[in-house]
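Report on one structure; see the data block that follows.
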2 protein chains.
Amino acid sequence: MDEVQVKNNVKVEVRAGGGAPALLPSPNRKQVAPMSDLLERLRARGWRMTSQRRVVAEVLDGEHVHLTADEVHARAVERLPEIARATVYNTLGELVSLGEVVELSTDGRAKRYDPNARHAHQHLVCVECGTIRDVHPDGDPLAVLPDSERYGFTVSKVDVTYRGLCPNCSA
Amino acid sequence: MDEVQVKNNVKVEVRAGGGAPALLPSPNRKQVAPMSDLLERLRARGWRMTSQRRVVAEVLDGEHVHLTADEVHARAVERLPEIARATVYNTLGELVSLGEVVELSTDGRAKRYDPNARHAHQHLVCVECGTIRDVHPDGDPLAVLPDSERYGFTVSKVDVTYRGLCPNCSA
DNA sequence: TTCTTGACTTGGACTTCGTCCATTGTAGGA
DNA sequence: TCCTACAATGGACGAAGTCCAAGTCAAGAA
């Protein structure tokens, strides 16, 4: 019983200063798009709020980089040591199907998860080091495809990935 | 010794009518872009021509669909039963680095190989059944990205994937 | 507050896709 | 015909991801 309680409050337990709730901003959290928004949206959709899901959502929100599932798991483990890999995969899958997170497979290796799903954007990838940046080109990329080239498809989305060398790697 | 000879000529051996060399057009070969072109180009680049490499190249040329490495292997095995999976992977990797074949990872699962590498094009993917079609939109997709959105990257290529439902799946 | 219950989590086995490497085979030049 | 450097083999290995039975627990009801 004791162990269970510790399990669900690990983050609070291990924090210096004691008792800071998981949602309080910490020095290395971004100021924009507070996690409470996402948590609220999820709760409103009937998502059962568990400590595991909260931690995964926080990890994604905390860093606006494009983490792999394993990286998400590694960061989640820092806050909730027992969290299982399968849980991270499940949760990411749900966030994707809810449209809160976008799944990228830019390199054919591990998928990456982009928490910036609420604003349409595209990606700029360094072929050398794998760095990914969000970019916002002009115009609607869907409009470029003429009807004659749609072959009866109902096209609903375009993934555009620009590839090249980042400033570091081209130096 | 006998076995070795059979091994390097399996396709000829099993052909009805006997002795038709592997490169002769057969009823189910496409007429366009004859394989001999590709084989010639590869030979001109100093590629050592082995039966395995020939079979892999023929499989890619024979069907202008986008096969996975395993599908290429399965089709290659029909012609050359002993061909190893590793050999198919090696050969595909070489064709890609020679620029003769394009590697696609449209779904984060197995990579697919597109033999139509000599003409710039983009892809239309059915999110339901995975069908892939080549498409040729207007304009240069690279031109859409303004300098202000390049963050110092040297952008050399764009991958554009349109996603939606094919006529079958939307019915 | 204490049930209750169905949704969630766990962890380990399993699958799929791909790579590595020591050994064996062979294409193509001398 | 012989050599040798390059290519193929096949089995082990590894990374990424899925599956599932058993255990746990969030949140609504009493």
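Below, chain A is the first sequence line, B the second, and so on; all start at residue 1.
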Could you tell me whether [X] contacts a base, only the sugar-phosphate backbone, or nothing, with contacts defined as non-hydrogen atoms closer than 4.0 Å?
X        : answer
B/Thr87  : base
A/Arg85  : base
B/Ala110 : sugar-phosphate

Separation of [X] atom [atom1] from [N] atom [atom2], in whole Å?
X        : N      : atom1 : atom2 : value
B/Glu94  : D/dC6  : CD    : C1'   : 10 Å
A/His73  : D/dA16 : NE2   : C1'   : 13 Å
B/Glu82  : D/dG11 : CD    : C1'   : 17 Å
A/Leu42  : C/dA7  : CG    : C1'   : 16 Å
B/Leu95  : D/dA7  : CG    : C1'   : 14 Å
B/Arg43  : C/dA27 : CZ    : P     : 11 Å
A/Leu92  : C/dC8  : CG    : P     : 15 Å
A/Arg109 : D/dA16 : CZ    : P     : 6 Å

Q) Should B/Arg45 and B/Glu100 count as an ion pair when the cut-off is N to O under 4.0 Å? A)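 Salt bridge present between B/Arg45 and B/Glu100.
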
Q: Give a yes/no on whether any side-chain N or O of A/Gln52 is located under 4.0 angstrom from OP1 or OP2 of D/dC25.
A: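 No, A/Gln52 has no side-chain N/O under 4.0 Å of OP1/OP2 on D/dC25.
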
Q | C/dC8 phosphate, OP1 or OP2, under 4.0 Å from A/Thr50 side-chain N/O | A |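 No.
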
Give the nucleotide from the list [options] with an atom nearest to the side chain of [X].
X       : options                : value
A/Asp70 : D/dG17, C/dT10, D/dA16 : D/dA16
A/Met49 : C/dC20, D/dA27, C/dT9  : D/dA27
B/Tyr89 : D/dA7, D/dC19, C/dT19  : C/dT19
B/Asn90 : D/dT9, C/dC17, C/dT9   : D/dT9

**Q.** Distance-only polar pair, side chains of B/Asp114 and B/His121, donor-acceptor under 3.5 Å
**A.**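 Note: B/Asp114 and B/His121 side chains meet the donor-acceptor criterion.
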
Q: Using the closest heavy atom to pick a nucleotide of DNA chain C for each, name whichever of B/Lys111 or B/Trp47 lands nearer the 5' end.
A: B/Lys111

Q | Closest-nucleotide 5' rank along DNA chain C - winner of A/Ala86 and B/Thr68 | A | A/Ala86

Q | Check: B/His123 ring centroid to B/His66 ring centroid under 6.0 Å | A |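 Yes - the distance between ring centres of B/His123 and B/His66 falls below the 6.0 Å cut-off.
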
(Q) If I take atom CG from residue A/Leu39 and atom CZ from residue A/Arg54, how far apart are they, to the nearest 0.5 angstrom? (A)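 Rounded to the nearest 0.5 Å, the CG-CZ separation comes to 6.5 Å.
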
Q. Linking I/L/V/M/F/W/Y whenever their side-chain heavy atoms sit closer than 4.5 Å, directly or via other members, would B/Val102 and A/Tyr162 fall into one cluster?
A.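 Different clusters: B/Val102 never reaches A/Tyr162 through Ile, Leu, Val, Met, Phe, Trp or Tyr contacts under 4.5 Å.
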
Q) Checking only heavy atoms, does the side chain of B/Arg48 share a donor-acceptor pair with the base of D/dA7 at less than 3.5 Å? A) no

